Each structure stands twice: as structure tokens, then as C-alpha cells.
There are 2 protein chains.
Amino acid sequence: MRIGELSKATDVPVPTIKYYLREGLLPAGELSSPNQASYDDTHVRRLRLIRALIELGQVPVATVKEILESLDANAEPLHEQIGRAHRALTPARRLSATDEARSAAAAQVADLLRSRGWTVEPSAPALATLIDTVAAFRSLGQENLVADLDRKAEAVEAFTALEIDAVTANPTRDQVAESVVIGTILGETLIASLRLLAQESISAERWRDR
Amino acid sequence: MRIGELSKATDVPVPTIKYYLREGLLPAGELSSPNQASYDDTHVRRLRLIRALIELGQVPVATVKEILESLDANAEPLHEQIGRAHRALTPARRLSATDEARSAAAAQVADLLRSRGWTVEPSAPALATLIDTVAAFRSLGQENLVADLDRKAEAVEAFTALEIDAVTANPTRDQVAESVVIGTILGETLIASLRLLAQESISAERWRDR
């Protein structure tokens, strides 16, 4: 298809497509004449992925490029390829807490990883975020809200195992990698909105008469 | 205690405390002389909560005021009081999706609420976000990632029940309300970081040889 048809198929304006081509986010089409390139379904998929990253994930263009490069690095083992995309998508969030709360939190999280048998890189951004979050609960006098961290992690593990089962069911390696990227971004909003609805429903029951 | 001691106890600068007093976020101290006010532990707690809302929740000052007012509205039933704070904290996120995907998503989410027996207000912001998110998965050709929505919701419900148990264990109504506010904000980061760590650990196992 020509660039105009690609634009129609994806609802992305032609100038935006040209910008992605110039930036190297989208691979060039096949030249059918010196001034005319032709695009196919791989371009449609790639464009949808770019839009998802930018619109839904609010990922900066430079990071999008990095993620796409890691998706295209087929020479790497899949796990490393996915790990690179994952890290680019999930920067650590820093929260303030007292030093005392932070060191208690670090010990609690280390226990958690051991008891659940989770193996994670010590430099994983989510690890720093988890420690900071537990520390913030403690700093605010809400340690009882993280007292049952292990059971909470167990519930989250059940959710994540379902996500990974679905992603793994993809037939090709490229599709696995693409699903991981989309699933990482949209899955966060999915779990957050399910949690808020569950809260509303359960709390309505519990506190109706209080 | 005097304002300088309050500042020391909370690590919030005196001018910032004065700003919160002027804006009505923090109740006035008791006048011990015409030019001198005295503050107590309720001020310390309230200041910590304000900082959590602003720093961790990135809640705008006007919304903080609204949330604090709903916390202080002791005349209301607790459930409504909490519901008001909850909604102020959780604006809907709009994601783009095709109309077709959105109507399929709305039907899927309606089924989910029925099958889990969740009762939520049709105007709940998280409901719009959930529908948009499911629609975005479908628009991106990832319907298999939301095919098992009911089992995912079950896992999230287990997490949420633990949260609500912990919050409910607070002895006073004020503490319940404060825990809900902090738990809503920090709980989102908690569940998100646990999910990323579980993903890293489970995917390392599954994809090591692929």
C-alpha cells in the first residue's frame, strides 16, 4: 500500500508517518519507483505499536526508538530483549521517606523476595520503587497496610502469571515481544482500574453501616 | 508545640506550613497569646497527610483541600465520605480506541461486574478507564491479553480484600479515612511495582531458552 493508504489504515496523519520514518522508528517502505515507496502489514502493526507507546504509555520518542531497537534485536536471547524493553518502559519512581523507614523497608522487601522465590536484578527500577513505597507507608504511620506484603505479592503473582500465559501463547517471537510491550503499558492501567473498582465494591459492603 | 517545632517534627518548612494554614488545609492552632498559636499531634498527622497527597499522589492543592474537607465531614456516612475522597483521588484516564473495540469492551466489562458481583456506580471514573483499557488492548490486536479478565479480576480482588482488612483494623473513624486516602495513593504504586518484579522473575524462568 502507499503512504496515504497506510495513514488511512492506522488513523495516523501522513506528516506524522513521515516523521517516524525520518526518526527511524518505522522501517522504510520498499521502493516501487524512485519516488514511491510501498508499505505492508508489518508497517501497520509497527505504527499501531508506536502510537500505543506514545499515547497510552506516554513514552518519549527517544525511548520509543530504544524499545523498538530492542524488539528488532533478534540476535539477542528473547529474555534479554524483553528485559531491555521492560526497563525502558518502567523508570523508578522516587518517593520521600525517612532513612529509618527506608532501611526497614529494604529489609522487608528482601524477605519478601526470598519467601516468594522471586529472582530479580538488584538494579531493577521496580525494586527501588517498591522499597520506597513500603518506606513511605511506614513514614506515614501506616505500617499495618504493608504488614501482609507476602500475601499481597501472592495475589499479584497470580495476576502476572495469567498475563505471562497469554503473552507466551503468541505464535512468533516478534509477537511475544510486541505483546510484552503493550501488556506492560496497558496492564498497569488494567490492574489499577480493577483495583479501584474492587475497592469501591468491597468497601461499600463493609462500611455501609459505620 | 510552636510552629517551629511543628516544622521540625514534620520536616515541612515554616513558610509552607503558613501557606497551608492560609489555604485552610491545616486547621489553625490554639491561640496561647494574641501572637502565638500552639499545635498538637493532630497537626503533625494532618501535615504528613498533606505532604503525602502532594508529593506522592501529585494531587493539586485545590483537590487536597477537597479531600481533607471530605475527611472532616464526620456527619456523612463513612462510606460516602470515603467515596468522595476516593473519586477526587482517581480521575479517569482516557485512552484511544476504535468505536467497535470500545463497545465490545463495554459489554465485556459489564459481564465481568456481573460475574464477580461487583457493585459500582456507573459514573465511577475507574469504570470508564477499565473500559477504555480493554478497548485499547482490542484495538491493538491483543484481545488474548484480556480474554481471562475474570480470573485477573479475581486476583486483584484478593489483593484489595487484604488492603481493606488492614484499613478496617484502624480503631477510629478518622484513622480509617486517613488510611484509605494514603492506601489509595500508595497502593497503586505498590501493586504496580510488585507486578513488574513478578513479571521479571516469572518471565526469566519461562523465556530463558527461547
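Chain naming here is simple, since letters A, B, ... match the order of the sequence lines and numbering starts at 1 in each. Everything numeric here is computed off the predicted structure, so don't read it as measured data. Scope of the values below: all heavy atoms of this structure, side chains included, with no hydrogens, waters or symmetry mates.
- Most heavy-atom pairs under 4.5 Å with chain A: of the set B:Thr119, B:Leu149, B:Ile164, B:Asn144, this distinction falls to B:Ile164.
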Practice prompt. Assess whether salt bridge (Lys or Arg N to Asp or Glu O under 4.0 Å) is satisfied between B:Asp148 and B:Arg151, documenting all intermediate values.
Written response: CA-CA 6 Å; B:Asp148 52 359; B:Arg151 289 177 65 198; 5.6 Å; no

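- Of all the listed residues (A:Leu127, A:Leu112, A:Leu49, A:Thr133), the one sharing the greatest number of non-hydrogen pairs under 4.5 Å with chain B is A:Thr133.
- Chosen from A:Ala124, A:Gly187, A:Ala192, the residue pairing most often with chain B at heavy-atom distances under 4.5 Å is A:Gly187.
- Heavy-atom distances place both the backbone and the side chain of A:Thr184 under 4.5 Å from chain B.
- Note: A:Arg48 leads A:Arg116, A:Glu178, A:Arg48, A:Gln175 in heavy-atom pairs under 4.5 Å with chain B.
- Between chain B and the options A:Glu188, A:Arg45, A:Glu163, A:Arg51, the largest number of non-hydrogen pairs under 4.5 Å is found for A:Glu163.
- Of the residues considered (B:Val156, B:Val180, B:Asp11), B:Val156 shows the highest number of contacts with chain A, using heavy-atom pairs under 4.5 Å.
- The CD atom of B:Gln108 lies 11.5 Å from the OG atom of B:Ser103; values are rounded to the nearest 0.5 Å.
- The backbone N or O of A:Leu190 sits less than 3.5 Å from a side-chain atom of A:Ser193, completing a donor-acceptor pair.
- Heavy-atom distances place both the backbone and the side chain of A:Asp165 under 4.5 Å from chain B.
- In this structure, chain A has no heavy atom under 4.5 Å from any part of B:Glu154.
- Separating the NZ atom in A:Lys152 from the CG atom in A:Asp150 is a distance of 11.5 Å, to the nearest 0.5 Å.
- To the nearest 0.5 angstrom, B:Leu26 atom CG is 9.5 Å from B:Tyr20 atom OH.
- Put simply, of A:Val109, A:Leu162, A:Ile185, A:Thr129, the one with the most heavy-atom pairs under 4.5 Å next to chain B is A:Leu162.
- Paired with B:Leu186 under the rule side chain to side chain contact (heavy atoms under 4.5 Å, CB included), one option of A:Asp132, A:Leu140, A:Val146, A:Val134 passes, and it is A:Leu140.
- Formation of a donor-acceptor pair under 3.5 Å by the A:Asp40 side chain with backbone atoms of A:Thr42 is found in this model.
- At a 4.5 Å heavy-atom cutoff, the contact between A:Glu157 and chain B is made by backbone and side-chain atoms alike.
- Take B:Glu5 and apply the side-chain contact (heavy atoms from CB on, under 4.5 Å) test, not counting sequence neighbours, and it matches B:Met1, B:Arg2.
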